[in-house]
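To keep things clear, I will list the structure first and then write my remarks on it.
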Amino acid sequence: MLHWIQYIRGYVVIKVWGYSVERLLNLCGNHDILVWDIEDHGDYHTMRISIEGFFALKPLLKKTGTRVAILHRYGLPFFMSKMLARKIFVAGLLCCILFWSLTSRFIWDIRIEGNYALTEDVLLDYLEERGIHTAMKKSELEIEPLEQALREDYDLITWTSARLKGTTLIIHIKENDMPVYENEASKEKEQGMDLTATRDGVVTYIITRKGVPLVAKGQSVKAGDVLVSGAVPVYNEDTTVRKYQFVEADADITLQYGKNITIEEAVTYEEKLYTGETMGIPVFGVGERTISLRFLGIPYDYYDISEEKKQVQLLDHLYLPFYYGKRTVQEYEIAIKKHTDDEMKALLQERWSKIITTLEEKGVQIAKKNVTIKKNDEKWVLTASLQLEEAAVKQRPSRTTQIPQEETAEHAQE
């Protein structure tokens, strides 16, 4: 504690020599002038003394015929005097502290953890819609409403936690292993659910498990037609409908329809030939704005640009709204080349395979196909005429209304 008091008040290390150093030390004691760490070096003595004590030595030096010189200065008063002499440094330090204090009140980074089915881009867009984004004030963020909104708006999220750490907003979520989707069908079950066609086609297969089939195999249907009704009629003895029992229609139905596909591939193509000439351009950014430090144009006719940026980070979770990095420019020349016949076949086959794979992933089966290829010096054209089959049906609330009980009672009395 004494050391800190001496540092705050300030002290100096002095060298004392002359006629009677011992007498000087005695006078210091008589006048309550504190000196410490006294060392005898033969011809002179060194000691430490406070700033006030040093200025009180002047009359004592004359009495004792001794002289004094300052060897070192220590303490806060000397440090502050040095700082005040460096006005630009002090101003910069104060501005830095002020800037740090101001920027620490904002959110400069958002991290999402624990998401698998929900992508980070989807969640960031959702946060943006709710007004939560980088460069927003921490005081404007309400943690509990955000956590509740995430759970309510996404059935897949069963638990969420949001917290601020430095200038980083960390959102941790837990997704349900078995996604729970709002089952509109169960809500509509009392009204019944029909199966309708999603496209025009011909019914090639139908097996009904629940409901009343309204079409048969070989029948043509239009998009929106009811194939299986979820309203099952209950008849009176005279074969009139007494009421309807509503069910969720269930059936295996396959529709067949035609589709034509055309794939064109040019014989000639442009190829990039990189010359090896590159240019690095330093860039830095503030918020969403990026500034390039090159003011002249790029001296290449054709070039690719790649960019790497990093955000300024002071501590683990303390980010600033500044970015720095490098923009790399690569020059290339364009060469016109021609595909060989084998390459053209491979290109068409690759695009055709992607189409077939996409159809199979959607559960579409190819019943018939007729593929032709026409070629000339400019392009090759693949034309395919397909007969496709798929379960092109969907559920829709039944539009059949229940027979009023009054009518049923009147019919029973008759």
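Numbering of residues begins at 1 and proceeds along the displayed sequence.
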[X] side chain near [Y] side chain, heavy-atom distance below 4.5 Å:
X	Y	answer
Asp43	Trp17	no
Arg105	Lys138	no
Leu60	Ile33	yes
Thr167	Asp109	no
Arg163	Ile143	no
Thr383	Lys374	no

Do you know which of Val68, Ile14, Asp40 makes side chain to side chain contact (heavy atoms under 4.5 Å, CB included) with His45?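 Single side chain to side chain contact (heavy atoms under 4.5 Å, CB included) partner of His45 among Val68, Ile14, Asp40: Asp40.
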In plain terms, say whether Lys326 and Glu308 are close enough for a salt bridge, that is, a side-chain N and a carboxylate O under 4.0 Å apart.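 No, Lys326 and Glu308 are not salt-bridged.
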If you measure only the distance, is there a donor-acceptor pair under 3.5 Å linking the side chains of [X] and [Y]?
X	Y	result
Gln349	Ser353	yes
Tyr257	Glu390	yes
Glu152	Gln148	yes
Glu389	Thr254	no

Can you tell me if [X] has over 12 outside heavy atoms packed within less than 6.0 Å of its [atom1]?
X	atom1	answer
Asp125	CG	yes
Arg151	CZ	yes
Lys309	NZ	yes
Glu343	CD	yes
Glu333	CD	no
Tyr274	OH	yes
Arg199	CZ	yes
Glu52	CD	yes

In terms of relative ring orientation, are Tyr126 and Tyr154 parallel, tilted or perpendicular, with 30° and 60° separating the classes?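 Ring orientation, 0 to 90° scale: perpendicular.
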Over 60° means perpendicular and under 30° means parallel, so tell me whether Tyr44 and His41 are parallel, tilted or perpendicular.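 The arrangement is parallel - the two ring planes meet at less than 30°.
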Would a line drawn from the ring center of Phe284 to the ring center of Tyr324 be shorter than 6.0 Å?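 Ring-ring flag for Phe284/Tyr324: false, centres at least 6.0 Å apart.
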Checking [X] side chain against [Y] main chain: does a donor-acceptor pair fall under 3.5 Å?
X	Y	answer
Arg396	Val226	no
Lys259	Ala384	no
Thr158	Lys174	yes
Glu175	Leu118	yes
Glu147	Ala162	yes
Asn260	Ser385	no
Asn376	Glu378	yes

Stepwise salt bridge (charged side-chain N to carboxylate O under 4.0 Å, His left out) check, Arg351 with Glu265: CA-CA 10 Å; Arg351 294 181 61 183; Glu265 192 69 43; 3.1 Å; yes
Got a sec, which residues hit ring-ring contact (aromatic ring centres under 6.0 Å, His included) with Phe106, two or more places apart in sequence or on another chain?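 Residues passing ring-ring contact (aromatic ring centres under 6.0 Å, His included) with Phe106: Trp108.
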Nearest heavy-atom pair of Leu127 and Ile110: which atoms, and what distance?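 Reported closest heavy-atom pair: CD1-CG2, 4.1 Å.
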For Lys345, enumerate each residue passing the salt bridge (charged side-chain N to carboxylate O under 4.0 Å, His left out) test, keeping only those at least two apart in sequence or located in another chain.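 If we apply the salt bridge (charged side-chain N to carboxylate O under 4.0 Å, His left out) test to Lys345, skipping adjacent residues, there are no hits.
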